[in-house]
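Single-structure report; data block below.
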Number of protein chains: 2
Amino acid sequence: MKKVGEPAPKVRLLRAAAALLAESNGEPVSTRQITQAARVTAPTLYHHFGDKEGLFDAVVAEGFSEYLDAERSLPTSGQPIEDLRMHWDNHVQFGLDHPHLYLVMFGNIQPERRPSMVASAEAFLEEVLGRAAAAARLVVSPHEAARSMLAANIGVTLMLIAEPAAKRNLELSAMTREAVISAVATDSEADPTTDTEGTPSVVVAAIALNAALQSSHPDQLSSSELKLFLEWLQRISSRSAS
Amino acid sequence: MKKVGEPAPKVRLLRAAAALLAESNGEPVSTRQITQAARVTAPTLYHHFGDKEGLFDAVVAEGFSEYLDAERSLPTSGQPIEDLRMHWDNHVQFGLDHPHLYLVMFGNIQPERRPSMVASAEAFLEEVLGRAAAAARLVVSPHEAARSMLAANIGVTLMLIAEPAAKRNLELSAMTREAVISAVATDSEADPTTDTEGTPSVVVAAIALNAALQSSHPDQLSSSELKLFLEWLQRISSRSAS
DNA sequence: GTAGCACCTATAGCACCGTTATATGAACTG
DNA sequence: CAGTTCATATAACGGTGCTATAGGTGCTAC
């Protein structure tokens, strides 16, 4: 029987390691710090996890399962393309919420080391894309689409993590998201052969107009009108889910 | 007793560190290994680089300068969009050639740590995109286009590095490359209405947004807001800005 | 020359790290 | 109760990043 008030040493080790890794800004965390924070001595760590790396792997595995749980619990809107946007945004948000964990999960992947978890994430995204394919909205195979989207998603998230939180510009995410989605799927429900090249997505166009307006202000709108216009433009550009 | 044909200890340390880092598959490399390989004792390392991290930073800095040299020495084809493809592929190739270095350079970026080098890479890409913008082939500002392209480029390269060399599928790169480029630029010849150098004109962007809004209406704006928004958009589109 | 003076390198050692051989306690099984 | 197994603790080993101190080395000034 476990005591209710206090978690088992194994759990305390996991939590202490996760907490210390999250706090200490990427600098290495010693086993002594961890065991002390978990109020446990060294051999306990090695009894449960075999290794320092084993403990860290367990932390990463928990991070992945948390991420996958969040992904799986996202509702299905019925519009496959909209679902893609939701999952993309959820991925980015997870990275920004757990930056250090994310760096280990997606930024540090060694060849032949831990493809299993990333493969799971990829497989899940492929599943979502399978639904888009079933709705005849995909122009490439779900497998390739998933790889491309995940790659871009990771790149964007890493770049957002790397820059100071205050300066983060989520338009980078929205813009790249629309770029990849529009290359992989077709927006219109109708005939998939109709090309979408002539009309770029609303979000990209809104971002472009927003950027253009920064350098030259049109004289067709009064300043108050322009202010409201820019606000609406911002709303269209960011299109934050929820 | 100094041999003339032999590089200085500082250079030997740099080369030994780079070589050992490239060989030992991501596992940590000790200062003792490095100093022994460079046939030098510990204090020499600390005299020249102050720190183990200082030495590694120097290795990374050399990697970056090698990368930037390669980028800068790429010929200019005269077709800006084609240049973008070339630089994208060069980036990927660099990553596949120096996987461990690349992981440190682009996969491990800590917030507030070393943005200067990545910023240089971004600035250079922005420069290339500036030429595309000057040819009126850009739909968004060079700055945002550079960020988006670089993010996707990094994500793709990391994913390619992570999988076994035999199984690497470069179509992932080509596909994502075209996705980002086509979202950021237009393949067709220049539109004469474009006037500004860095960013496309407000009018062009407004027309694009107007067209995009015809096919899909955003749910961020109420119908009454949208009506007014479209009217203003029409006004901006009708005449060129001051 | 040689005295002074920066520079660069070596000897030897510190404090810390990950890890483990060994031992002790607790909990269940018969 | 004895036997077995699991979980934790004591104490220590070799390796690591790093440095206080001291010793060459090549220069310029006299």
Side-chain angles (χ1 to χ4, degrees), chain A residues 1-62 100-101 103-104 108 110 113-114, chain B residues 1-62 100-101 103-104 108 110 113-114:
Chain A
M1 284 302 188
K2 301 172 188 175
K3 296 177 183 177
V4 189
E6 197 173 42
K10 184 171 181 177
V11 178
R12 279 186 311 197
L13 277 170
L14 262 179
R15 292 192 185 160
L20 287 176
L21 276 181
E23 291 167 20
S24 89
N25 255 15
E27 280 110 57
V29 179
S30 72
T31 58
R32 282 170 171 81
Q33 284 178 263
I34 298 173
T35 54
Q36 188 173 342
R39 299 192 315 286
V40 153
T41 51
T44 307
L45 191 162
Y46 294 90
H47 174 71
H48 286 293
F49 300 97
D51 219 344
K52 183 189 187 182
E53 196 182 318
L55 171 58
F56 284 4
D57 283 355
V59 171
V60 171
E62 254 205 356
H100 304 97
L101 189 58
L103 279 179
V104 182
N108 253 337
Q110 313 289 355
R113 276 271 334 258
R114 39 172 145 250
Chain B
M1 302 273 282
K2 182 180 171 186
K3 299 174 185 177
V4 273
E6 198 172 43
K10 184 170 181 179
V11 179
R12 280 183 308 188
L13 276 170
L14 262 178
R15 294 193 183 158
L20 288 175
L21 275 181
E23 291 167 20
S24 86
N25 255 16
E27 279 109 56
V29 179
S30 72
T31 58
R32 281 170 172 82
Q33 283 179 262
I34 297 173
T35 55
Q36 188 174 343
R39 298 191 317 285
V40 150
T41 50
T44 306
L45 192 161
Y46 294 92
H47 173 71
H48 286 293
F49 300 98
D51 218 345
K52 181 190 187 181
E53 196 181 318
L55 172 58
F56 285 3
D57 283 355
V59 171
V60 171
E62 256 206 355
H100 304 98
L101 189 59
L103 279 179
V104 182
N108 253 337
Q110 313 288 357
R113 275 270 335 260
R114 38 173 147 249

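Naming convention: chains lettered A, B, ... in sequence-line order (proteins, then strands); numbering from 1 in each chain. Values below: all heavy atoms of this structure, side chains included; hydrogens, waters and symmetry mates excluded.
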Measuring to OP1 and OP2 of [N], would you say a side-chain N or O of [X] lies under 4.0 angstrom away?
| X | N | result |
| --- | --- | --- |
| B/S30 | D/dT16 | yes |
| B/T31 | D/dT16 | no |
| A/H48 | D/dC6 | no |
| A/Y46 | C/dT20 | no |
| B/H47 | C/dC8 | yes |

query = Which is true for A/P9 with a 4.0 Å heavy-atom rule: it touches a base, it touches only sugar-phosphate, or it touches nothing?
reply = sugar-phosphate
Axis-to-axis angle for the helix from C/dG1-D/dC30 to C/dC28-D/dG3, ends of five pairs each, to 10°, equals 10°
Given atom [atom1] of [X] and atom [atom2] of [N], what is their separation to the nearest angstrom?
| X | N | atom1 | atom2 | value |
| --- | --- | --- | --- | --- |
| A/R39 | D/dA7 | CZ | C1' | 16 Å |
| B/I34 | D/dG17 | CD1 | C1' | 11 Å |
| B/K52 | C/dC17 | NZ | P | 14 Å |
| B/L20 | D/dG17 | CG | C1' | 16 Å |

Across all chains, not counting sequence neighbours, the side chain to side chain donor-acceptor pair (under 3.5 Å) partners of B/Q36 are none
Between A/Q33 and A/A42, whichever has its closest DNA chain C nucleotide further toward 5' is A/Q33
In terms of heavy-atom contacts, B/Y46 and B/K52 come closest through CE2-N, 4.2 Å
- Query: Per the atom types in the model, does the base of D/dG15 pair as donor or acceptor with the side chain of B/R32 at under 3.5 Å?
  - Reply: no
